[in-house]
Amino acid sequence: MVLSLISGHGSSTATNQPSMALSTKSSGLGACEWLLVLTSLLLIIVTFPFSVWFCIKIVQEYERVILFRLGHLLPGRAKGPGLFFFLPCLDTYHKVDLRLQTLEIPFHEVVTKDMFIMEIDAICYYRIENASLLLSSLARVSKALQSLVQNTMKRLLAHRSLTEILLDRKSIAQDAKVALDSVTCTWGIKVERTEIKDVRLPAGLQHSLAVEAEAQRQARVRMIAAEGEKATSESLRMAAEILSGTPAAVQLRYLHTLQSLSTEKPSTVVLPLPFDMLSLLSSPSNRTQGSIPLPNPSKPVEPLNPKKKDSPML
């Protein structure tokens, strides 16, 4: 007897109880069923060896075969790999692939811890460990597994913020694998890995994140420029202190500047001033009064057109 469990909503509690109660051992055959089996065996013996070509099948290394005789699941483990014997008229068999399989989960909406709504899609890698339990407990493997992955992702991402979802996908994939494997082990399925492939954000949320990121970049640029100005001012201060203490260094720097101008711009005509004149212009007395010496204010200056006093004789 085949029990079909369709988990349309991905509920694990509804499918755990029936699958645990199932047994791979079939009930005993009735008298009529035994009569049919004996008749089929007698027919095979009579038509031997031609009947052998219809009663033997080959199972590949990565496959297993589940036999049902008159609707009853035969006891024992799955058949394969190699040859297996069955009764053509009474037995039906189902091949199960044990290789790693992939299941793509389509986009579905999730709500994060900080109340952001987004769409994600995922991919699930699984393999079948118990073929008998799978066929007797689950009808549509892909549909049930897809619903289970979607509900598990919704439950896990509801406890994480948007930043954690975007940056910490590895731990999310590990938590999802553990949660899924605890349910699918009762179906005979082993979940190897589950990953989030892509995340879709609403247009308004994308614009807000872009504006926030641009503001952070502008603030970082201003901080770097301010630090550069500070370092430049410190270097200039130290250079000024060194040059003020050694007058010969000022003259060497002056000559180096003239050489750089003549090398970089050969078409430019440079008329250097004598360094003594530069030192005279930068003397402390001239710094206080200016570069041009002022006249002595001790002597009064007569006006150009002074008014003549009237003579007492007039």
Side-chain angles (χ1 to χ4, degrees), residues 1-8 12 14-104 123-149 180-181 183-193:
M1 182 179 62
V2 181
L3 179 61
S4 300
L5 299 177
I6 302 176
S7 61
S12 60
T15 55
N16 287 343
Q17 298 298 330
S19 61
M20 295 299 293
L22 285 173
S23 176
T24 57
K25 294 183 179 180
S26 62
S27 59
L29 297 177
C32 183
E33 293 172 342
W34 275 114
L35 181 61
L36 290 175
V37 170
L38 294 177
T39 304
S40 179
L41 290 175
L42 182 60
L43 181 62
I44 291 172
I45 294 173
V46 171
T47 58
F48 186 83
F50 300 101
S51 59
V52 176
W53 302 103
F54 301 96
C55 301
I56 294 178
K57 294 293 181 179
I58 299 176
V59 183
Q60 303 294 333
E61 181 68 30
Y62 53 84
E63 293 178 336
R64 296 296 182 270
V65 170
I66 308 300
L67 285 176
F68 291 89
R69 179 163 295 169
L70 296 175
H72 298 280
L73 179 65
L74 293 182
R77 65 181 183 86
K79 310 296 181 181
L83 298 174
F84 73 95
F85 178 82
F86 76 105
L87 301 178
C89 300
L90 305 180
D91 294 348
T92 57
Y93 65 93
H94 298 273
K95 288 185 178 181
V96 179
D97 196 340
L98 301 183
R99 291 176 294 183
L100 186 67
Q101 302 182 30
T102 60
L103 177 64
E104 294 187 0
I123 185 168
C124 180
Y125 302 90
Y126 68 96
R127 67 174 70 250
I128 298 174
E129 285 191 335
N130 193 332
S132 301
L133 183 60
L134 176 67
L135 289 179
S136 60
S137 62
L138 207 59
R140 301 174 63 185
V141 178
S142 60
K143 182 65 176 179
L145 199 57
Q146 175 181 329
S147 301
L148 181 62
V149 172
L180 291 172
D181 199 29
V183 178
T184 57
C185 64
T186 60
W187 299 342
I189 299 175
K190 172 68 175 178
V191 176
E192 298 289 344
R193 190 178 182 86

Query raised in the report: Does NZ or CZ of R99 fall inside the cone over Y62's six-membered ring, less than 6.0 Å from its centre and within 45° of the axis?
Result: yes
Requested in this report: Could you pull out the closest heavy-atom pair between A78 and S132, with the gap in Å?
Outcome: N-OG, 4.3 Å
Query raised in the report: Is any side-chain heavy atom of R64 less than 4.5 Å from a side-chain heavy atom of P81?
Result: yes
Report summary line: With sequence neighbours left out, the residues meeting side-chain contact (heavy atoms from CB on, under 4.5 Å) with S142 are L103
Report summary line: d(L43 CG, L38 CG) to nearest 0.5 Å is 12.5 Å
Query raised in the report: Can you name the residues that form a side chain to side chain donor-acceptor pair (under 3.5 Å) with E104, not counting sequence neighbours?
Result: none
Query raised in the report: Any side-chain heavy-atom pair from L83 and F85 closer than 4.5 angstrom?
Result: no
Query raised in the report: For the side chain of T186 and the backbone of V183, is there at least one donor-acceptor N/O pair under 3.5 Å apart?
Result: yes
**Report entry** Inter-residue atom distance L133.CG - I66.CD1, 0.5 Å rounding
**Finding:** 10.0 Å
Requested in this report: Working to the nearest 0.5 Å, report the span between CG of L138 and CD1 of I189.
Outcome: 5.5 Å
**Report entry** Rounded distance (nearest 0.5 Å) linking atom CD of Q101 with atom CG of L145
**Finding:** 10.0 Å
Query raised in the report: Would you say the side chain of L148 lies within less than 4.5 Å of the side chain of W187, judging by non-hydrogen atoms?
Result: yes
Query raised in the report: Within a radius of less than 6.0 Å around CZ of F84, do more than 12 heavy atoms belonging to other residues, nucleotides or ligands occur?
Result: yes
Requested in this report: Would you mind reporting whether K190 and D181 have side-chain heavy atoms less than 4.5 Å apart?
Outcome: yes
Requested in this report: Indicate yes or no: at least one non-hydrogen side-chain atom of L180 is less than 4.5 angstrom from one of Y126.
Outcome: no
Query raised in the report: Any chance CG of L100 has more than 12 other-residue heavy atoms, nucleotides or ligands included, within less than 6.0 Å?
Result: yes
Report summary line: Taken to the nearest 0.5 Å, the spacing of L67 CG from K57 NZ works out to 12.0 Å
Report summary line: Between the CD atom in E192 and the SG atom in C124, the distance rounded to the nearest 0.5 Å is 9.5 Å
Query raised in the report: Can you find a heavy atom in the side chain of I128 that is under 4.5 Å from one in the side chain of D97?
Result: no
